[in-house]
Amino acid sequence: MTDFYRIVYVSQAKATLADTDIGSILDASASNNDERYLTGFLTLNHGRFMQVLEGPESEVREIYGRIQDDDRHSCVTQIVGEHTQDRLFPDWTMNYFRVDDENGHPSMQLRKDEIDQLMPASTPKPYLYLFSRFMTLR
């Protein structure tokens with residue numbers, strides 16, 4: 001087994017953030033994460049991000065430092081930082097889910113059982129709860 005490190009953070013997207021910006025974030029994340037052996041999940045809900053980033057500790061910390069300096073969002077707040085033996089998202093270089101549409105209007109009404117289906121079946125309950133609470137915020 002390998003030691004991994006996991007960070008979960010929340011942040012506030014800049015009001016001017018466009019869908020093309022999000023596309024750029026996802027493209028860069030997928031490419032960088034693959035090279036660095038990182039995995040994660042990013043979700044956007046009414047202008048707020050929540051992301052899990054996991055992998056080798058030095059890589060996670062370096063990327064998190066870049067995330068903190070990124071001017072496309074503010075108020076970056078780490079809510080989890082932990083060593084772990086297992087990844088939550090072993091098959092995702094960076095998966096993404098948006099709760100609202102590009103104008104900030106709800107695009108769907110999420111229920112807990114729907115959130116469970118967005119994440120791997122092996123996701124521990126505390127993380128399902130954390131993301132279900134975030135994704136249902138209005």
Problem set entry | Of all pairs that satisfy side chain to side chain donor-acceptor pair (under 3.5 Å), the ones with a partner from residues 22-33, not counting sequence neighbours | none
For this session: Output all residues satisfying salt bridge (charged side-chain N to carboxylate O under 4.0 Å, His left out) with E82, sequence neighbours left out; order by chain, then residue number.
Result: R6
Exercise. For A30, what residues pass the side-chain contact (heavy atoms from CB on, under 4.5 Å) criterion, not counting sequence neighbours?
Worked result: T93
Problem set entry | Qualifying residues under side chain to side chain donor-acceptor pair (under 3.5 Å), relative to E62, sequence neighbours excluded | R36, R66
Show me, pair by pair, the donor-acceptor contacts under 3.5 angstrom made by side chains of residues 9-16, not counting sequence neighbours?
unit_1, atom_1, unit_2, atom_2, d
Y9, OH, Q51, OE1, 2.5
S11, OG, H73, ND1, 2.6
Q12, NE2, G47, O, 2.9

Exercise. Do L42 and L53 have side-chain heavy atoms sitting under 4.5 Å apart?
Worked result: no
Exercise. So do F41 and Y96 actually touch side chain to side chain, heavy atoms under 4.5 Å?
Worked result: no
Seminar exercise, completed: In terms of heavy-atom contacts, L38 and P56 come closest through CD2-CD, 4.0 Å
Exercise. Can you find a heavy atom in the side chain of D3 that is under 4.5 Å from one in the side chain of Q85?
Worked result: yes
Problem set entry | Short side-chain to backbone donor-acceptor contact, T84 and F4, under 3.5 Å | no
For this session: Mark yes or no for whether T20, through its side chain, and A18, through its backbone, hold a donor-acceptor pair below 3.5 Å.
Result: no
For this session: Can you tell me which residue pairs pass the salt bridge (charged side-chain N to carboxylate O under 4.0 Å, His left out) test with a partner in residues 71-80, sequence neighbours excluded?
Result: D70-R72
Problem set entry | Parallel, tilted or perpendicular: rings of Y5 and H83 (30°, 60°) | perpendicular
For this session: Could you pull out all residues at least two apart from E57 that satisfy salt bridge (charged side-chain N to carboxylate O under 4.0 Å, His left out)?
Result: R61
Exercise. Taking it one step at a time, do D34 and M94 satisfy side-chain contact (heavy atoms from CB on, under 4.5 Å)?
Worked result: CA-CA 9 Å; D34 189 45; M94 183 53 61; over 6 Å; no
Exercise. At what distance, to the nearest 0.5 angstrom, does CD of Q78 lie from CD1 of I7?
Worked result: 4.5 Å
For this session: Would you check if the side chain of E54 reaches a backbone N or O of L88 as a donor-acceptor pair within less than 3.5 Å?
Result: yes
Exercise. Quick one: ring pair (Phe, Tyr, Trp, His ring centres under 6.0 Å) partners of F49, sequence neighbours excluded?
Worked result: none
